[in-house]
Amino acid sequence: MNLGHYIKAARRKLFPQKQFVIYDNSVLPAKHLRFNGPMFADDAFYLRTSESEARRLIDRFRCDKTSRLLEIGCGQGRLATGLLRLIGPVNYTGLDVHLPSVNWCRRYIEKTQPSYHFEHLNIGSERYNKGGVKIDHNFKFPVKDQSVDVIYIWGVFTNLEGEIMKVYLNDLKRMLLPGGKIFFTAFAEEDVPNISVNPEGYLFKEYTGPLQVVRYEKSYLFSLIAQAGLVVDDFIYGKEFDGQSEFYLS
């Protein structure tokens, strides 16, 4: 290690990067921690999307203070931040394979908002948790049977190995209360291979890492949903960030 590296290491130790920012009375993750592209580095945009995701659950699923919500892939709590602003305390559980994100949520959200609970899933992910445990078809989320009204999964199936995605999908119905609903996003197109990982010429000229884009053939994905005992109530093509499509299930 040369002198320059020693100086940088010493500077990081003496002056560690701040892990949060305060914007419009909300605690947000510091810009260098945020996922999903450069536009999310803008505080106003980040907070606006937080509220729009919370609004989606209020408008689509009538979520309120009595609702029991499960988020798979909670990241640094973008949805939770929006829920706090629009609803306040709510029975919310967030799960994620990325331990630093879960730790951030525990420190900056759960510590002051105990109705919001965050839990690490030590599941192997080539993109977010390479040292995690490999799961099989017997996997179940650490959530009780028939215990949640709404399951929210934004931008998870877009970065998840196809076989793990099917395992996840097959456990969703078990956790839902009667009348429960599911929202998730995915890249779904017609007349393409059933599953494509970082498909050439699709969305980006170059991919910056493994599993940046996992794309599904639309009818194939619909068949997986049906096999999991779920029904597609609504499908909205390509309206989400980077061209993801919206799936509303029951």
Side-chain angles (χ1 to χ4, degrees), residues 53-54 56-63 66-75 77-80 83 90-98 101-102 116-125 127-129 132-188 194-195 211 214-236 240 244-250:
E53 292 307 304
R56 182 200 306 275
L57 300 189
I58 294 168
D59 293 346
R60 280 276 185 166
F61 302 142
R62 299 181 181 178
C63 287
T66 67
S67 300
R68 285 158 286 189
L69 310 179
L70 171 66
E71 180 176 12
I72 300 172
C74 62
R78 188 166 64 101
L79 172 64
L83 291 169
V90 66
N91 188 329
Y92 165 97
T93 297
L95 308 177
D96 206 288
V97 302
H98 189 243
S101 292
V102 172
Y116 289 76
H117 172 67
F118 298 89
E119 188 168 338
H120 179 230
L121 289 176
N122 190 26
I123 296 170
S125 165
R127 189 170 180 84
Y128 293 117
N129 191 28
V133 176
K134 185 176 180 180
I135 64 173
D136 60 22
H137 67 279
N138 294 314
F139 167 81
K140 292 184 182 299
F141 289 101
V143 177
K144 294 179 180 179
D145 295 359
Q146 295 190 354
S147 62
V148 296
D149 297 298
V150 173
I151 300 173
Y152 173 98
I153 315 171
W154 192 96
V156 173
F157 294 160
T158 58
N159 306 125
L160 198 66
E161 294 94 331
E163 291 305 310
I164 298 180
M165 181 270 192
K166 287 189 275 188
V167 172
Y168 276 28
L169 191 63
N170 285 332
D171 195 40
L172 299 184
K173 181 180 178 181
R174 173 188 66 81
M175 299 180 287
L176 280 180
L177 284 158
K181 302 292 183 179
I182 299 167
F183 166 78
F184 73 80
T185 62
F187 293 111
N194 285 348
I195 304 176
L211 300 170
V214 178
R215 182 187 68 191
Y216 291 87
E217 202 282 324
K218 179 184 171 183
S219 61
Y220 173 72
L221 184 49
F222 271 58
S223 72
L224 294 181
I225 292 168
Q227 289 170 27
L230 302 167
V231 176
V232 178
D233 296 324
D234 197 8
F235 169 77
I236 301 175
E240 286 293 306
Q244 297 176 57
S245 294
E246 304 169 16
F247 290 77
Y248 297 87
L249 315 180
S250 58

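By convention here, the first residue in the shown sequence is residue 1.
Take Phe222 and apply the ring-ring contact (aromatic ring centres under 6.0 Å, His included) test, not counting sequence neighbours, and it matches Phe235, Phe247. Partners of Ser223 according to the side-chain hydrogen bond (donor to acceptor under 3.5 Å, both in side chains) rule, which considers only residues two or more places apart in sequence or in another chain, do not exist here. Partners of Asn159 by side-chain hydrogen bond (donor to acceptor under 3.5 Å, both in side chains), not counting sequence neighbours: none found. Here Phe183 pairs with Tyr152, Tyr248 under the ring-ring contact (aromatic ring centres under 6.0 Å, His included) rule; sequence neighbours left out. For His98, the ring-ring contact (aromatic ring centres under 6.0 Å, His included) partners two or more places apart in sequence, or in a different chain, are Phe35. Take Arg56 and apply the salt bridge (charged side-chain N to carboxylate O under 4.0 Å, His left out) test, not counting sequence neighbours, and it matches Glu53, Glu240, Glu246. Shown here are the salt bridge (charged side-chain N to carboxylate O under 4.0 Å, His left out) partners of Lys173, two or more places apart in sequence or in another chain: there are none. Qualifying salt bridge (charged side-chain N to carboxylate O under 4.0 Å, His left out) partners for Glu119, counting only residues two or more places apart in sequence or in other chains: none. With sequence neighbours excluded, the residues forming a side-chain hydrogen bond (donor to acceptor under 3.5 Å, both in side chains) with Asn122 are Asn129, listed by chain and number. Under the side-chain hydrogen bond (donor to acceptor under 3.5 Å, both in side chains) criterion, Tyr116 pairs with no residue, sequence neighbours left out.
Annotation for Ile135 and Tyr168: closest pair CD1-CE1, 4.0 Å, computed over non-hydrogen atoms. Between Val156 and Gly73, the shortest heavy-atom contact is CG2-CA, 3.7 Å.
The closest donor-acceptor contact from the side chain of Asp149 to the backbone of Gly180 lies at 3.5 Å or more, if one exists at all. Put simply, the side chain of Ser67 never gets that close to the backbone of Leu69: no donor and acceptor are under 3.5 Å apart. At distances below 3.5 Å, not a single donor-acceptor pair connects side-chain atoms of Thr93 with backbone N or O atoms of His117. No donor-acceptor distance shorter than 3.5 angstrom exists from the side chain of Glu161 to the backbone of Ile164, with no hydrogens or angles considered.
Considering only heavy atoms from C-beta on, Phe157 stays 4.5 Å or farther from Phe187 through its side chain. Counting heavy atoms from C-beta outward, Leu211 and Thr158 have side chains that stay 4.5 Å or more apart.
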Would you tabulate the side-chain donor-acceptor contacts of residues 139-146 under 3.5 Å, counting partners in other chains and residues two or more places apart, or write 'none'?
| unit_1 | atom_1 | unit_2 | atom_2 | d |
| --- | --- | --- | --- | --- |
| Asp145 | OD1 | Arg174 | NH1 | 2.6 |

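Pairs passing the salt bridge (charged side-chain N to carboxylate O under 4.0 Å, His left out) check and including a residue from residues 221-233, sequence neighbours excluded, read Lys181-Asp233.
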